[in-house]
Amino acid sequence: MPAHPAPRLPTSRHTTPALHPRPRPDGRGRGARAGLSIAFALLVGSHAEAALPEPLPPLAGARITPVLDDARVHGVPTRIRRFEARTATASVRAFYEGAVEGTPLSSRIDGWEVLSWKHGAALRTLRLRPCRTAPAACTEGTLSESDLSRDPAPSSPAPGRPADSLLSTDLETNDAGRHARILVWHDESSPSWAAARLVRELSAQGLALERRAPVSRPGLEGVGLWFGARGREAVATIVRHGSGTTVTLQMIDHGARSGR
């Protein structure tokens, strides 16, 4: 399908992408922990209402699916949409290079071609590759926009996370009145020490430990923890990783927060 021309976007605000896994208490979400910090160290945001850049234009005929409409990635306001187009990858690339002002920064990450445009405080990112389960003339990818106008500002510190640990993922979303946050960090403690610290700190926030179970996946040493409170819940997976520990924590508040 030929790409229809679109008006060139002005030098204003624009994006960056990210994909984030749903943690699992049995440890099977382990593979999704790695790589979630890709490029997000560049981003910026705040507790104030985000003024996201205009969305990247859709390619005519492409199927667009929202992924994140109201999210913060490491504290940065971000919007992400997925697309699939019955168009060759080179044609999709050419369409966006013509539609967005300026020369993009180009890179390849895990088999994806990534093009990023930064205009002032706006970052826009196109991520694309040939479809894996469709004819050759098919392209899939993501379109994302981020507001870099303020310093990164997560809603709160990560509970149970030691100050000297490596935070690889911090994703916050608001969806249908529900605020969710996924955190992944790595430190040099043992799984039992990390679990005790997390139980203590979440208890101080009113989240009571409701269930504890060993990680069920063979070859992994660790524990799954379930917490609950009125209108809130949390699930943690804590596993040994090399000489240290990886903690994946998902928290859900069933009343979306304001002032974001």
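Only heavy atoms go into these numbers, but all of them, side chains included; no hydrogens, no water, no symmetry mates. Predicted model, so just to flag it, every value in this text is computed and none were measured.
- A donor-acceptor contact shorter than 3.5 Å links the side chain of His119 to the backbone of Glu101.
- The shortest side-chain heavy-atom distance between Phe95 and Pro58 does not fall under the 4.5 Å cut-off.
- Using modelled atom types, one side-chain atom of Arg79 and one backbone atom of Pro53 make a donor-acceptor pair closer than 3.5 Å.
- Atoms NE2 and CG, on His241 and Asp187 in that order, are 12.0 Å from each other to the nearest 0.5 Å.
- Gln205 and Arg232 get closest at one heavy-atom pair: O-NH2, 2.7 Å.
- Rounding to the nearest 0.5 Å places CZ of Arg108 at 12.0 Å from CG of Asp110.
- Counting only heavy atoms from C-beta outward, the side chains of Leu128 and Phe83 approach each other to under 4.5 Å.
- Remark: the backbone N or O of Pro57 is paired with a side-chain donor or acceptor of Tyr96 at under 3.5 angstrom.
- Within the 4.5 Å cutoff, the side chain of Arg181 has heavy atoms near those of the Asp170 side chain.
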>> Run the side-chain hydrogen bond (donor to acceptor under 3.5 Å, both in side chains) test on Thr142 and Arg127 for me, step by step, so that the C-alpha distance in whole Å, both residues' side-chain angles and the decisive distance to 0.1 Å come before the verdict.
In response: CA-CA 5 Å; Thr142 56; Arg127 194 177 62 144; 3.3 Å; yes
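- The CG atom of Asn174 sits 4.5 Å away from the CG atom of Asp70 when rounded to the nearest 0.5 Å.
- Checking Thr246, Val247, Thr248, Thr245 one by one against Trp185, the side-chain contact (heavy atoms from CB on, under 4.5 Å) holds for a single residue, Val247.
- Residues Cys131 and Glu84 form a side-chain contact, since some pair of their non-hydrogen atoms from C-beta on lies under 4.5 Å apart.
- Atoms CZ and SG, on Arg129 and Cys138 in that order, are 11.0 Å from each other to the nearest 0.5 Å.
- With a 4.5 Å cut-off on side-chain heavy atoms, Val114 and Leu126 do not count as touching.
- Note: the hydrophobic cluster containing Val76 does not contain Leu105 (ILVMFWY, side chain heavy atoms under 4.5 Å, direct or indirect links).
- Residue Pro66 comes nearest to Arg81 through the heavy atom pair CA-CG, 4.2 Å, listed as atom of the first residue, atom of the second, then distance.
- The NE2 atom of His74 lies 10.5 Å from the CD atom of Glu172; values are rounded to the nearest 0.5 Å.
- With respect to Thr78, the side-chain contact (heavy atoms from CB on, under 4.5 Å) criterion is satisfied by exactly one of Asp69, Thr173, Val73, Thr125: Val73.
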> Hey, mind stepping through Thr139 and Thr89 against side-chain hydrogen bond (donor to acceptor under 3.5 Å, both in side chains) and telling me if it holds?
Replying inline: CA-CA 5 Å; Thr139 302; Thr89 303; 3.1 Å; yes
>> Working note: Ile109 + Ser107, criterion side chain to side chain contact (heavy atoms under 4.5 Å, CB included); need CA distance, chi angles, decisive distance, verdict.
In response: CA-CA 7 Å; Ile109 301 175; Ser107 61; 4.2 Å; yes
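- A donor-acceptor distance shorter than 3.5 angstrom exists from the side chain of Arg197 to the backbone of Gly160, with no hydrogens or angles considered.
- Counting heavy atoms from C-beta on, the side chains of Leu183 and Met251 come closer than 4.5 Å.
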>> One pair to check against side chain to side chain contact (heavy atoms under 4.5 Å, CB included): Ile182 and Leu249. What are the steps and the verdict?
In response: CA-CA 6 Å; Ile182 297 175; Leu249 174 64; over 6 Å; no
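- The shortest distance between side-chain heavy atoms of Leu167 and Val184 does not fall below 4.5 Å.
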> For Leu59 and Thr87, what are the C-alpha separation, side-chain angles and deciding distance, and is it a side chain to side chain contact (heavy atoms under 4.5 Å, CB included)?
Replying inline: CA-CA 9 Å; Leu59 181 70; Thr87 305; 3.9 Å; yes
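- Note on Arg93 versus Glu113: salt bridge recorded, some NZ/NE/NH1/NH2 to OD/OE distance being below 4.0 Å.
- Closest approach of Pro77 and Leu52 over heavy atoms only: O-CD2, 3.4 Å.
- Cation-pi geometry between Arg211 and Trp226 is met: under 6.0 angstrom from the ring centre, within 45 degrees of the axis.
- The two atoms that bring Leu198 and Pro159 nearest to each other are CD1-O, 3.4 Å, heavy atoms only.
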>> Between Leu143 and Ile80, does the side chain to side chain contact (heavy atoms under 4.5 Å, CB included) criterion hold? Intermediate values first, please.
In response: CA-CA 6 Å; Leu143 308 169; Ile80 301 174; over 6 Å; no
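- For Gly228 against Glu210, the heavy-atom pair with the smallest separation is CA-OE2, 3.4 Å.
- Residue Ala236 comes nearest to Phe227 through the heavy atom pair CB-CE1, 4.5 Å, listed as atom of the first residue, atom of the second, then distance.
- Note on Arg132 versus Glu140: salt bridge recorded, some NZ/NE/NH1/NH2 to OD/OE distance being below 4.0 Å.
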